[in-house]
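Here is the structure we will look at.
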Number of protein chains: 2
Amino acid sequence: MNLKQLAEALGLSQTTVSRALNGYPEVSEATRRRVVEAAAQHGYSPNARAKGLATGQAMAIGLVIPVSDQQEMVNPVFGDFLAGAGEACSALGYEMVLSVVEGDEAAVYRSMKARGSVDGVVVSAPRLGDPRPALLDGLGLPFLVHGRISGYEAPYSWIDVNSRSAFRRAAGFLLDLGHRRVGLVNGEEIFDFAHRRRRGYGEALAERGLPETADLVVQGEMTEDFGHDSARAMLARPDPPTAFLVSSLICALGVRRAVEELGLVMGRDVSIVTHDDALSYFQNGGDVPIFTAVRSSVREAGRRAARLLIGRIETPGAPHAQDLLEAQLLVGESTGPAPRARKTAP
Amino acid sequence: MNLKQLAEALGLSQTTVSRALNGYPEVSEATRRRVVEAAAQHGYSPNARAKGLATGQAMAIGLVIPVSDQQEMVNPVFGDFLAGAGEACSALGYEMVLSVVEGDEAAVYRSMKARGSVDGVVVSAPRLGDPRPALLDGLGLPFLVHGRISGYEAPYSWIDVNSRSAFRRAAGFLLDLGHRRVGLVNGEEIFDFAHRRRRGYGEALAERGLPETADLVVQGEMTEDFGHDSARAMLARPDPPTAFLVSSLICALGVRRAVEELGLVMGRDVSIVTHDDALSYFQNGGDVPIFTAVRSSVREAGRRAARLLIGRIETPGAPHAQDLLEAQLLVGESTGPAPRARKTAP
DNA sequence: CGGGGCTTCCAAAGCGCTTTAGGAGGCCCT
DNA sequence: AGGGCCTCCTAAAGCGCTTTGGAAGCCCCG
């Protein structure tokens with residue numbers, strides 16, 4: 001059933017039917033009701049492509065998922081982020097198209113723009129000095145960054161967690177418990193969020209007049225293995241850390257594994273604070289979390305990201321929107337005062 | 001830059017340019033080269049909507065992600081599945097559109113069909129007696145099921161892991177190590193894959209003349225918590241299991257946590273075999289996996305799913321394709337012979 | 001009674017592409 | 001010389017919608 005057929009069935013012109021369905025005022029209420037009813041009854045909904053062609057809008061936003069080769073990682077937060085963004089999109093009548101790309105993202109954006117398949121894109125996992133915003137501005141494709149880009153000066157819209165503040169508070173919490181050697185198991189610092197987390201950690205140390213020790217900081221892909229191996233290595237040093245600040249829950253599980261392998265008890269011998277994206281399939285316990293964590297829901301971030309982006313698309317002239325989420329510091333069972341005499345690993 | 005402009009710039013008709021770019025034979029090689037070069041130089045690519053309108057094809061496949069309310073889970077394998085499907089789609093010139101929906105999936109499919117926004121869909125996480133295939137057949141929307149549907153009799157295309165065989169072998173492996181009480185921590189058995197896994201487990205027991213004990217089987221949402229709580233409960237019984245067969249790696253982490261909380265040693269006191277979707281961010285160790293596992297890459301499944309679906313879209317008449325993946329049983333460090341005298345939990 | 005101003009509808013153009021139907025040329029054959 | 005058949009190209013219709021530019025009918029007012 002298309003518009004023409006519906007119009008014929010109703011004995012009206014296509015114009016009138018179209019206007020009735022799109023809420024234009026030039027049609028009487030009686031006619032509108034009649035049209036809407038008939039549309040529902042025949043299960044008519046306008047062809048998205050034809051509508052898009054006519055209006056010049058795709059009613060879709062794009063997400064680009066960068067993956068490297070076979071073995072590389074798909075960011076585990078994507079699922080929840082997508083779910084959040086998807087909710088918001090559906091609610092606003094938009095679709096989400098995603099594009100998995102290894103290598104040249106620029107080409108993907110260019111093609112999205114040229115083919116008109118989306119009205120805007122979400123830029124995720126921005127790196128330091130990320131070239132994408134400049135590219136997108138150049139293309140005239142609206143975008144929203146999930147995260148921020150330290151180097152970029154032009155105004156842009158973003159949503160982000162206050163990583164620096166979160167990690168400053170988390171590190172401060174550990175230091176206030178008496179820990180003096182706090183290991184930082186960070187994400188790769190080419191990513192802006194990891195960079196900010198590192199800064200927050202450094203600030204907490206500096207505020208207390210403590211030096212930042214290079215051998216207590218590592219960065220890498222946030223897998224369980226990476227957490228485990230990093231913690232093992234640090235705990236094997238002559239002066240091992242008594243606490244860890246970890247960049248993701250998955251990674252923290254690795255750290256815990258390392259701690260337990262050495263016969264140490266988490267929360268007594270070694271404290272752990274982790275960032276927690278509140279992933280739905282990986283809940284960090286109930287009322288009292290297993291891990292003390294700085295928590296911020298990535299699903300909520302997804303919802304807001306989509307809303308902000310769509311806002312930008314629909315009113316391009318409006319000033320850029322920013323949304324800074326504060327993480328909650330939730331105390332769980334993985335932290336406690338620094339041990340007096342540190343038991344050394346066997 | 002659109003077709004008209006490009007044609008003008010070249011001094012050719014739109015027809016010729018279109019044909020040159022789409023590889024039709026009615027245009028000389030010299031002209032084709034000229035056209036292709038000019039297109040590349042001007043960065044022309046055809047407008048997807050206009051092309052879709054003209055051809056009646058969306059060049060897109062749909063994935064529907066069902067989520068329930070706020071607190072419900074987003075399947076953690078979606079990220080990797082999407083990555084795989086995305087790879088295949090890009091390679092074949094298709095886009096992937098996803099739709100997050102809580103509640104009425106039927107409405108989403110109907111609207112996708114009516115609006116013509118996709119050429120086919122992937123049906124994921126099928127349940128027993130799932131109504132979706134019948135609905136989609138009725139709508140005439142091509143689909144591919146990731147999984148199988150035990151009740152459905154009409155022919156359809158699917159890709160699936162041989163869950164029954166995998167779990168039969170996994171359970172058999174444990175039983176052959178001398179374990180007599182093997183707990184099954186399964187996914188929700190409304191899902192077809194969980195149902196099949198349960199059957200495989202039962203078959204392994206039956207083959208060895210052992211009874212299936214109801215108190216050793218649980219099903220639920222496969223979270224870390226669920227694994228933990230289920231294992232705790234089973235291990236607290238008077239005659240606790242000496243081994244667990246677990247439906248996901250995330251869940252297995254919970255089981256391990258329960259085991260270790262009780263002061264037991266995994267691989268010595270309690271053996272664990274888990275299903276492993278080979279999620280990129282959750283690698284189960286290196287050469288010698290941490291967990292003994294039946295492994296099957298969900299990313300590969302995504303790749304194949306997209307390819308099969310696109311095949312169906314492009315040659316609708318062809319017979320339905322099926323693809324049954326066998327999982328590998330990889331022995332890691334979480335399994336060992338059944339302990340002689342079981343140490344009871346404190 | 002005629003014209004201005006509503007309200008309510010319609011015909012047709014246009015969005016950017018594909019594709020059908022057809023038309024120059026050139027070459028060969030009779 | 002003229003017809004037939006290639007090869008290479010073009011004009012124009014059409015995909016299903018929105019939207020511009022009226023136009024018909026009606027009411028009111030002078």
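Proteins come first, then strands; the chains are lettered A, B, ... in the order of their sequence lines, and each starts at number 1. Model, not experiment: these values are computed from the prediction.
Evaluation of the side-chain hydrogen bond (donor to acceptor under 3.5 Å, both in side chains) rule for B/Asp192 yields B/Ser150, B/Arg196 as partners, not counting sequence neighbours. Taking A/Asp323 as the reference, A/Arg304 meet the side-chain hydrogen bond (donor to acceptor under 3.5 Å, both in side chains) condition, with sequence neighbours excluded. For the ring-ring contact (aromatic ring centres under 6.0 Å, His included) test, no residue two or more places apart in sequence or in another chain qualifies with A/Tyr44.
Contact check of residues 107-120 of chain A against DNA chain D (heavy atom, cut-off under 4.0 Å) returns no residues at all.
Between the B/Arg312 side chain and the B/Ala318 main chain, a donor and an acceptor come within less than 3.5 Å of each other.
If you measure from atom CG of A/Leu10 to atom P of C/dC9, you get 11 Å, rounded to the nearest angstrom. Straight-line distance from the CG atom of B/Leu12 to the P atom of D/dA11: 11 Å, rounded to whole Å. A straight line from CD of A/Glu26 to C1' of D/dA23 spans 14 Å, rounded to a whole angstrom.
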Can you give each donor-acceptor pair under 3.5 Å made by side-chain atoms of residues 51-67 of chain A, sequence neighbours left out, with the distance rounded to 0.1 Å?
unit_1  : atom_1 : unit_2  : atom_2 : d
A/Thr55 : OG1    : A/Lys51 : O      : 2.8
A/Thr55 : OG1    : A/Gln57 : N      : 3.2

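Helix-axis bend for the helix from C/dC1-D/dG30 to C/dT30-D/dA1: the local axis fitted to the five terminal pairs at one end deviates from that at the other end by 80°, rounded to 10°.
Within the structure, the ring-ring contact (aromatic ring centres under 6.0 Å, His included) test picks out the following pairs touching residues 81-109 of chain B (sequence neighbours left out): B/Phe81-B/His146. Within the structure, every pair that satisfies the salt bridge (charged side-chain N to carboxylate O under 4.0 Å, His left out) test and touches residues 109-126 of chain A, not counting sequence neighbours, is listed here: A/Arg115-B/Glu95. For residues 28-41 of chain A, the pairs satisfying salt bridge (charged side-chain N to carboxylate O under 4.0 Å, His left out) are A/Glu29-A/Arg32, with sequence neighbours left out. Identified under the side chain to side chain donor-acceptor pair (under 3.5 Å) test for residues 121-135 of chain B, with sequence neighbours left out: B/Glu105-B/Arg132, B/Asp130-B/Arg132. Applying the salt bridge (charged side-chain N to carboxylate O under 4.0 Å, His left out) test to residues at least two apart or on different chains, none of the pairs has a partner in residues 1-16 of chain B.
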Reading nucleotides 12-20 of chain D 5' to 3', which nucleotides get B (base under 4.0 Å from a protein heavy atom), which S (sugar-phosphate only), which -? B-BBBBBBB
